[in-house]
Amino acid sequence: MTATIYLMLATAMFFLQDTYFSLGGVDFSLKNPCILAILFLALLNFTATVRLDRTFLLARHVVVQALPFFIPFFFSAVIWVIGRADAVTVANGTGMILPQLLSVCVAAATLYLFGSRGMWYCLGAMCAANLLRVLVVVVVGGPSVFFQEFLRLLATFSAETGDLMIQLEINDLTFAFGPFLIYLLLNRKETRHWLFWMLSVSLFFFIGLKRIAVPAVALGVLVALLVRRLPEKAAAQTALGIAAGMMVVSFFYIVGIRMGLFQYLQQRLGINTMGRVEMFNHLEPYYDISITYLGRGTGFERFVDWASGVVYDTPRRTIMQIHNDFLRMYLNIGFIGYWVWLWGTLVVRLRYWFSEGRKEAGSLFLGISIYCFVLYATDNTIYYPYTLLACAIVPMAYHMDEMAEKGFTRRCEEWSGNTGQKEKDENGFQETGRG
């Protein structure tokens, strides 16, 4: 019964991404009631079962996975206080961070309900929602036209997309299949029904094909496989070294943009930058490459249409976003905030996963991190809730049942040992006192 209710809610959550309702003049997505219902379902289940083993483990997982969202909130709060930001600015920034936190909470709720199997329930709901979208498009446009456009999409590597394929180009859902694809490619032997899941995930991944996601998955899997071949300690050290390289490269990417990297690519090499030169030109007045640059606060980008440079008094959801999450984070939380965010996103979490789940879990998380960082260079995935949900639930589910049981057993032994020692000390004191 619980599984049926969850699958219905999760499928509706994924399907209703772009369906909104108005409340008090503010637009809300219909996925939000589904999210709250899933969290409430997990809370009800917790009150009835109180699985302490899963609770302790998931509590640690949630704190670590949510750290990259708390860091921007902290630095933004400082910026808002110093700049005496109005309520609209604060609500806008907080409203961007809250869905990130909810994504991690939904992942934890799913895993509390079903253990490691929760990852497959979540993936099944994603596939079901995508299938419903495909069926709607096929019914409206016709099967023949659909398959012709799909084949042309694959043949041209998304350079040519028909009207039906454009309707299925849902960035968040497409990118969300990436972490699952990485998991499947890394764990074929230990995945039940591997062929079914691999075909399903690959199909929906390519129906909404995003060109940048393909090399992102390939690079993540390749690096993870290489790290897995190393001894335990060497694997962890290598992963941290790669993370340090990613941090440095991301910062110098921002520096390169400021110094005219994309102008060079467009003018000298003739590469079509898809309007990014103009967008980055409009960004220049708002940030500096300097240790003293404080940042503008999370959500600032919603006040400017980066295609035209027009500034608005209130935030807008429909204007052109910054297609570069590194630059977006730097713009919002400044020089120091950016480096702290990188440290929390990569170093802290990599150390945690290598410590908690050893090199298999650590290398899996490294692969997902590489996937995300490739996407950050050209897109807006850092605020995509479904992609964040997938990036959280995949590493959190990895060998979760075994980790929860061992961790809880260890805690019980520690508690019983401490209790026994306390009783021994008390008895010894009493006996000494009587003497």
Side-chain angles (χ1 to χ4, degrees), residues 2-3 6 9-10 13 34-74 94 97-123 179 183 236 340-341 343-358 360-362 364-366 368-369 372 385-419:
T2 301
Y6 172 83
L9 291 172
M13 176 185 71
C34 300
I35 291 172
L36 296 177
I38 290 173
L39 297 179
F40 183 68
L41 180 64
L43 180 61
L44 284 179
N45 190 272
F46 173 78
T47 60
T49 60
V50 193
R51 299 184 180 96
L52 292 179
D53 54 347
R54 292 182 185 178
T55 303
F56 290 139
L57 181 67
L58 288 173
R60 297 198 303 273
H61 284 356
V62 167
V63 171
V64 172
Q65 288 299 107
L67 182 61
F69 315 139
F70 286 119
I71 291 172
F73 180 75
F74 170 78
T94 305
I97 294 173
L98 185 59
Q100 294 179 308
L101 297 174
L102 285 175
S103 297
V104 178
C105 290
V106 169
T110 303
L111 296 176
Y112 181 84
L113 287 169
F114 309 110
S116 294
R117 291 181 296 117
M119 183 179 79
W120 305 113
Y121 283 106
C122 178
L123 179 57
Y183 177 90
V340 175
W341 171 73
W343 169 78
T345 300
L346 289 174
V347 176
V348 172
R349 296 201 294 177
L350 273 172
R351 285 184 181 275
Y352 174 80
W353 286 113
F354 271 97
S355 173
E356 193 76 17
R358 308 194 65 81
E360 287 75 17
L364 172 63
F365 181 76
L366 175 63
I368 293 173
S369 297
C372 291
Y386 300 154
T387 304
L388 293 175
L389 170 57
C391 290
I393 200 170
V394 171
M396 288 167 67
Y398 191 69
H399 290 177
M400 173 193 154
D401 296 332
E402 297 88 338
M403 291 165 61
E405 183 179 353
K406 289 180 181 178
F408 187 63
T409 301
R410 185 171 62 252
R411 282 178 177 270
C412 290
E413 291 174 351
E414 291 173 355
W415 292 338
S416 62
N418 290 336
T419 302

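Starting from 1, each residue takes its place in the sequence as its number.
- Every residue two or more places apart in sequence or in another chain that forms a side-chain hydrogen bond (donor to acceptor under 3.5 Å, both in side chains) with Gln65 is listed here: Trp353.
- The distance from atom OG1 of Thr2 to atom CZ of Phe114, rounded to the nearest 0.5 Å, is 6.0 Å.
- For the pair Leu346 and Ser369, the tightest heavy-atom approach, listed with the atom from each and the gap, is CD2-CB, 3.8 Å.
- Applying the side chain to side chain contact (heavy atoms under 4.5 Å, CB included) rule to Thr94 yields the partners Phe73, Trp80, Val90; only residues at least two apart in sequence or on another chain are considered.
- Here the side chains of Leu388 and Val104 are not in contact, with every heavy-atom distance at 4.5 Å or above.
- Using a 4.5 Å cut-off on side-chain heavy atoms (C-beta onward), Arg349 and Pro68 make contact.
- Shortest non-hydrogen contact noted between Ile71 and Gly344 is CD1-CA, 3.9 Å.
- Applying the side-chain hydrogen bond (donor to acceptor under 3.5 Å, both in side chains) criterion to Glu356, with sequence neighbours excluded, gives Arg60.
- Summarising the geometry, atom CZ belonging to Phe46 is positioned 12.0 Å from atom CG belonging to Leu113; distances are rounded to the nearest 0.5 Å.
- Put simply, the side chain of Val63 does not reach to within 4.5 Å of the side chain of Leu67, judged on heavy atoms.
- Heavy-atom contacts from other residues, nucleotides or ligands closer than 6.0 Å to CH2 of Trp343 number 12 or fewer.
- In terms of the side chain to side chain contact (heavy atoms under 4.5 Å, CB included) criterion, residue partners of Phe74 (sequence neighbours excluded) are, by chain and number, Val78.
- In this structure, Arg51 places its CZ atom where more than 12 heavy-atom neighbours from other residues, nucleotides or ligands lie under 6.0 Å away.
- Checked by atom type and distance alone, the side chain of Asp401 never pairs as donor or acceptor with a backbone atom of Gly115 at under 3.5 Å.
- Shown here are the side-chain hydrogen bond (donor to acceptor under 3.5 Å, both in side chains) partners of Arg351, two or more places apart in sequence or in another chain: there are none.
- In this structure, the side chains of Leu102 and Leu39 come closer than 4.5 Å at one or more pairs of heavy atoms.
- With values rounded to the nearest 0.5 angstrom, Leu43 atom CG is found 14.0 Å from Ile38 atom CD1.
- For the atom pair CG of Leu364 and CZ of Phe354, the computed distance is 10.0 Å after rounding to the nearest 0.5 Å.
- His61 pairs in a ring pair (Phe, Tyr, Trp, His ring centres under 6.0 Å) with only one of the listed residues (Tyr352, Tyr398, Phe365, Phe56), which is Tyr352.
- Distance CG/Leu58 to CG/Asp53: 9.0 Å, rounded to 0.5 Å.
- Residues Cys391 and Ile368 come closest through the heavy atom pair SG-CG2, 3.9 Å.
- Residues Ile393 and Gly118 approach most closely at CD1-O, 4.0 Å, considering heavy atoms.
- When side chains are defined from C-beta on, Met119 does not count as touching Met396, because their heavy atoms never get closer than 4.5 Å.
- In plain terms, the two heavy atoms of Leu389 and Cys122 that are nearest each other are CD2-SG, 4.1 Å.
- The nearest pair of heavy atoms linking Trp341 to Pro72 is CD1-CG, 3.9 Å.
- In this structure Tyr6 satisfies the side-chain hydrogen bond (donor to acceptor under 3.5 Å, both in side chains) test together with Thr110, sequence neighbours excluded.
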message = For a side-chain contact (heavy atoms from CB on, under 4.5 Å) check, start with the C-alpha distance between Leu101 and Phe70, then their side-chain angles and the critical distance, and finish with the verdict.
response = CA-CA 9 Å; Leu101 297 174; Phe70 286 119; 4.0 Å; yes
